[in-house]
Amino acid sequence: MNRYRSSHPDSECLLQYVDGELSSRNAAQVRFHLEACWRCRAEIGEIQETITDFPRSEEHTSELQSPCN
């Protein structure tokens, strides 16, 4: 049986899915799992939000470290 049907993909697998790092077969298995699993869809949303927020926080940190003109 498919490991994604019987259990949830771990966080690392979901991150690899979001980053497009899974093989097409494994990505299809995760997609299939996500169709039925609200919990993992929520985790995917959190991963995507974190990825989106990271460049903003880096930019903000750079601004705080820059000397004033």
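The basis for the numbers below is simple: all heavy atoms, side chains too, and nothing from hydrogens, waters or symmetry mates. Positions are given from 1 along the sequence.
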Trainee: When rounded to the nearest 0.5 angstrom, what distance separates CD in Q48 from CD in E43?
Mentor: 11.5 Å
Trainee: From H33 NE2 over to H8 NE2, what is the distance, rounded to the nearest 0.5 angstrom?
Mentor: 5.0 Å
Trainee: My understanding is that only residues two or more places apart in sequence, or in another chain, count here; which of them pass side-chain hydrogen bond (donor to acceptor under 3.5 Å, both in side chains) with Q16?
Mentor: none
Trainee: Which value, rounded to the nearest 0.5 Å, describes the distance between R41 atom CZ and L34 atom CG?
Mentor: 7.5 Å
Trainee: Where is the tightest heavy-atom contact between P9 and V30, given as atom of each residue plus distance?
Mentor: CG-CG2, 4.5 Å
Trainee: Would I47 and Y17 count as a side-chain contact (heavy atoms from CB on, under 4.5 Å) here? Give the steps.
Mentor: CA-CA 10 Å; I47 291 169; Y17 173 77; over 6 Å; no
Trainee: Using side chain to side chain contact (heavy atoms under 4.5 Å, CB included) as the criterion, list what pairs up with E46, not counting sequence neighbours.
Mentor: none
Trainee: Can you sort out the partners of S23 under side chain to side chain contact (heavy atoms under 4.5 Å, CB included), two or more places apart, ordered by chain and number?
Mentor: R25, N26
Trainee: Drop me the distance from L15's CG to D10's CG, to the nearest 0.5 angstrom.
Mentor: 10.0 Å
